[in-house]
Amino acid sequence: MTIQTLQIKGMTCAACVRAVERAVKKVDGVAEVAVNLATEKARIVFEGADLDWNTLAKAVSDAGYEALPDVKNPPSEKNSPQQLYFQRFLWALASALPLLLLSMGPMLGLSLGTFNPNRSPFIYALVEFFLVLPALYAGRDFYYHGFKTLLKGSPNMDSLVAVGTGAAFLTSVWALVRIGSGETALVNQLYFDTAAVILALILLGKFLEASAKGRSSEAIRKLLSLAPQKAWRVEGEQILEVDVDSVRVGDVLLVKPGEKIALDGCVVDGRSSVDEALLTGESLPVEKSEGLPVWAGTLNKHGALKVRVEKLSGETALAGIVKLVEEAQGAKAPIARLADVVSGYFVPVVFALAGLAFLAWFLTGHSAVFSLTVFVA
């Protein structure tokens, strides 16, 4: 049995998790797959030799998502998605608030002047059309991912948002055209505000969800930051500062007082005390001298040490802790597995109920616009 971890891009809900797991399980040789939405990673257990990367990537792509090799460094706060979602939420909110004011103003007794739907219905409809465009642009990812997965046969929550708001927008555009042709009564059948408000609320939810995901990887970020990225390598009479990734087993590193040890190894020269609290929890420093082991991320307190490297960055005790944390995040409790099963049926059931509601109202003599409103809701 061999385990491989992949990053999955494009997932937005539990239905996406279910779709990816279902697609990967169909690949020959895959014994087990667990996809974690919070970490956006898939843990794949397969039998025999390594699976072909292209086969796995194609299976994920066919489901409407993107597979990438696992990246050990989680995203930093500077490029985290919560900032992106917050900016898009503000765009949608700036669009939704004036639309709500225009649509609800007459009911609240507000005088909207030129923008009153009863005085200038076409101008009113045209203004609403331009006001909704920023919200549609802010929610463009919903349409891209939603219709993409819908065409792939595995709709997700983005599909619901895309179809619902898209139907509201297109219905309103058609009403706008007819208002311009003289059918002013259709000014009461504009749903631009509905599309904008739905997008603003969903983007707010995405921002909160992205914030929660960011906190889930904070522990890994802190663990990875414990190990230094630079080291002093002893090369004859010279001491050169090098990247840790360029160090090889058998190299000798100089660890100065107050610096962290870069890689696991053995002391070959020097004497000092080392703070190993991150591994052992022991607050008192441990005396180190020639022949004793040291570990990456621990702090050299006093004297200088020369350390022969025995393990590279991906094999250190600290890397093992990070791996265990990632595996713990990827594991699913029984309730989480139940939620994934339910989510696999949730979106198709919602689409089916919406379609049946549309047909029920339309076939009983109600207008197509009214029936479509029920469908959108």
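Positions are given from 1, in the same order as the sequence printed here.
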Look only at the side chain of E21 and the backbone of R18, and say whether a donor-acceptor pair between them is shorter than 3.5 Å.
-> no
I'd like to know if the side chain of S95 and the backbone of W91 have a donor-acceptor N/O pair within less than 3.5 Å.
no
Pair T55, K58 - check side-chain contact (heavy atoms from CB on, under 4.5 Å), show working. CA-CA 5 Å; T55 304; K58 185 178 185 304; 6.0 Å; no
Exercise. Between the side chains of T149 and Y65, is a donor N or O closer than 3.5 angstrom to an acceptor N or O?
Worked result: no
Separation between CH2 (W361) and OG (S371), nearest 0.5 Å, reads 8.5 Å
To the nearest 0.5 Å, atom NZ of K301 lies from atom OG of S272 at 9.5 Å
- Query: Are K230 and D243 close enough, and set up right, to give a salt bridge (Lys or Arg N to Asp or Glu O under 4.0 Å), and what steps lead you there?
  - Reply: CA-CA 5 Å; K230 298 284 186 178; D243 292 331; 2.5 Å; yes
**Prompt:** Do the side chains of V234 and L253 get nearer than 4.5 Å, heavy atoms only?
**Reply:** no
Quiz item: Is there a side-chain contact between V30 and V45, using heavy atoms and a 4.5 Å cut-off?
Solution: no
Hits for ring pair (Phe, Tyr, Trp, His ring centres under 6.0 Å) against W232, two or more places apart or cross-chain, chain-then-number order -> none
One should read off an interatomic distance between L208 CG and L203 CG, to the nearest 0.5 angstrom, of 11.0 Å
**Prompt:** Can you check whether L299 reaches V274 side chain to side chain, under 4.5 Å on heavy atoms?
**Reply:** no
* To do: Please check if L100 and L201 belong to a single hydrophobic cluster, counting links between Ile, Leu, Val, Met, Phe, Trp and Tyr side chain heavy atoms closer than 4.5 Å.
  => yes
For G297 and K260, the nearest pair of non-hydrogen atoms, with its separation, is O-CD, 3.9 Å
**Message:** In the structure I gave you, are the side-chain heavy atoms of L99 and T194 within less than 4.5 Å of one another anywhere?
**Reply:** no
Please determine whether side-chain contact (heavy atoms from CB on, under 4.5 Å) holds for the pair R43 and V33, giving the CA-CA distance in whole Å, both sets of side-chain angles, and the decisive distance to 0.1 Å.
CA-CA 6 Å; R43 182 176 179 270; V33 57; over 6 Å; no
> Between F122 and L176, does a side-chain contact (heavy atoms from CB on, under 4.5 Å) hold up when you go through it step by step?
Replying inline: CA-CA 7 Å; F122 181 70; L176 171 63; 4.0 Å; yes
Answer yes or no: is there a side-chain heavy-atom contact under 4.5 Å between T373 and V376? no
Hydrophobic cluster membership, L240 vs V247, 4.5 Å side-chain cutoff: yes
Can a donor-acceptor pair be found, under 3.5 Å and without considering hydrogens, that links the side chain of S172 to the backbone of Y191?
yes
Residues passing the salt bridge (charged side-chain N to carboxylate O under 4.0 Å, His left out) test with E235, sequence neighbours excluded, are R233
To the nearest 0.5 Å, atom CG of D62 lies from atom NZ of K152 at 5.5 Å
Using only atom types and a distance under 3.5 Å, with no angle test, would you say the side chain of D193 pairs donor to acceptor with the backbone of S103?
no
* Asked: Could you go step by step and tell me if I321 and L279 meet the side-chain contact (heavy atoms from CB on, under 4.5 Å) rule?
  -> CA-CA 9 Å; I321 294 175; L279 293 177; 3.6 Å; yes
Side chains of S289 and V267: closer than 4.5 Å at any heavy-atom pair? no
What one should report as the nearest heavy-atom pair of K288 and W295 is NZ-CZ3, 3.9 Å
Here the pair of heavy atoms bringing T316 nearest to K311 is CG2-O, 4.2 Å
Margin query: Check whether T298 reaches the backbone of E276 with its side chain - one donor and one acceptor, N or O, closer than 3.5 Å.
Written below: no
In sequence, state the C-alpha distance, the side-chain angles, and the governing distance for K9 and E66, and then conclude on salt bridge (Lys or Arg N to Asp or Glu O under 4.0 Å).
CA-CA 5 Å; K9 296 297 183 182; E66 182 184 4; over 6 Å; no
query = Would F86 and F207 count as a ring pair (Phe, Tyr, Trp, His ring centres under 6.0 Å) if you check the C-alpha gap in whole Å, the side-chain angles of each, and the deciding distance to 0.1 Å?
reply = CA-CA 6 Å; F86 185 69; F207 163 68; 5.2 Å; yes
Could you tabulate the donor-acceptor pairs under 3.5 Å formed by side-chain atoms of residues 128-142, not counting sequence neighbours?
unit_1: E128; atom_1: OE2; unit_2: Y124; atom_2: OH; d: 3.0
unit_1: R140; atom_1: NH1; unit_2: Y137; atom_2: O; d: 2.7
unit_1: D141; atom_1: OD2; unit_2: R88; atom_2: NH1; d: 2.6

- Linked, directly or transitively: Y143 and I198 (ILVMFWY side chains, under 4.5 Å): yes
In short, I179 meets A125 closest at the heavy-atom pair CD1-CB, 4.0 Å
Value for CG (L372) from OG (S367), rounded to nearest 0.5 Å, stands at 9.5 Å
Those residues at least two apart in sequence (or on a different chain) that pass ring pair (Phe, Tyr, Trp, His ring centres under 6.0 Å) with H302 are none
On a heavy-atom basis, the closest approach of Y144 and K148 is O-CB, 3.0 Å
Residues passing the side-chain hydrogen bond (donor to acceptor under 3.5 Å, both in side chains) test with T171, sequence neighbours excluded, are none
Sequence neighbours excluded, the answer for side chain to side chain contact (heavy atoms under 4.5 Å, CB included) partners of V163 is F147, L150, F351, F375
field: Under 3.5 Å: donor-acceptor pair, side chain of S120, backbone of I123
entry: no
Smallest heavy-atom separation, L93 atom then P98 atom, equals O-CD, 4.3 Å
Tell me whether M157 shares a hydrophobic cluster with F89, the cluster being built from Ile, Leu, Val, Met, Phe, Trp, Tyr side chains joined at under 4.5 Å. yes
message = Using a 3.5 Å distance criterion without hydrogens, assess whether the side chain of N156 forms a donor-acceptor pair with backbone atoms of C16.
response = no
CG of L312 to CZ of R248, rounded to nearest 0.5 Å, is 6.5 Å
*Quick one: does L160's side chain get under 4.5 Å of P155's, heavy atoms only?*
no
Is any side-chain heavy atom of L186 closer than 4.5 Å to one of R178? yes
So if you build clusters from Ile, Leu, Val, Met, Phe, Trp, Tyr with side-chain heavy-atom gaps below 4.5 Å, do L292 and V268 land together?
no
